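Inspection log for the structure reproduced underneath, given as structure tokens.
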Amino acid sequence: MDIYYRLYGHFGPRHWWPADTPFEMIVGAILTQNVSWRSAAAAIENLKDAGLLSPAALLSLPEEQLAKLVRPARYYVQKARKLHAFCRVLQEEFGGDLQAFLALDTRTLRRRLLDIWGIGPETADAIILYAAHKPIFVIDAYTHRIFHRLGFFGPKMSYDAMQRFFMQHLPPDVSLYNEYHAQIDALGHTTCLKNKPHCTLCPLGKVCSFFKPTLQEIAGIG
Ligand code: SF4
């Protein structure tokens, strides 16, 4: 929680997830895999402009045409296939009723999501947290990089072990998990960069085992 408060004090509320509906959130979670949010957002705009942001509408479009629309999100052939795979499960098993699908208990929902082609743990957990509003902590590459540098994680810690770490140390609170993941993303995106992190500007500098400030820097961040 100390780390959370330092981040929140620095960045303020992040207002995640940027989507108008749960379905749009899910589409965004698939489209943002391995690319920046900006690229995913451009693809979502294309789908919105074409009036395709519903499971039935997406399924009615041949995969090649869908791929053209989501091209800004890169890996567009695969991503069109992933969107179709998700929508097919929704239509065939839940009659297109997204709320019924999201109402599954967390374990069942996670298992069903992970069985869908193209949905891994990070995407599944983002959907559970941000679309189903159930308390599960989302791990991504930023989470590992930052908490490894802070000294909490080993270099090859598994997704599940990192998730357990957060969930054992935090109360099961959807709002907290929502904001904490968004704060980690903000730090990873702006400050704790892969190469040359901006440690002197970092709100976690004083508690980070990676940061070895010079005497001048200590005076500056004191
Ligand atoms: S002090 Fe540096 S290495 Fe540590 S979390 Fe901040 S930016 Fe990352």
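Every number for a ligand or one of its atoms is a count from 1 in the order of the listing. Bear in mind that the values here come from a model prediction, so they are computed numbers and not experimental data.
A salt bridge is absent between D160 and R164: the closest approach of a Lys/Arg side-chain nitrogen to an acidic carboxylate oxygen does not fall below 4.0 angstrom.
Closest to atom 6 (Fe) of ligand 1 among all protein heavy atoms lies C202 SG, 2.3 Å. Among all protein heavy atoms, the one lying closest to atom 3 (S) of ligand 1 is F210 CD2, 3.2 Å.
Considering C192, G205, C199 only, the shortest heavy-atom separation from atom 5 (S) of ligand 1 involves C192. Among G188, C208, P197, the residue whose heavy atom lies nearest to atom 1 (S) of ligand 1 is C208.
Counting the atoms of ligand 1 from 1 in the order shown, those under 4.0 Å from a heavy atom of R149 are 3 (S).
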Hey, can you pull the donor-acceptor pairs under 3.5 Å for the side chains in residues 38-46, sequence neighbours left out?
{"residue": "S39", "atom": "OG", "partner": "S36", "partner atom": "OG", "Å": "3.1"}
{"residue": "N46", "atom": "ND2", "partner": "L69", "partner atom": "O", "Å": "2.8"}

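The CG atom of L58 sits 12.0 Å away from atom CD of Q65, with the distance rounded to the nearest 0.5 Å.
Within a 6.0 Å sphere centred on OH of Y5, heavy atoms belonging to other residues, nucleotides or ligands number 12 at most.
At a cut-off of 3.5 Å, with distance as the only test, no side-chain donor of S175 or N178 sits close to an acceptor on the other residue.
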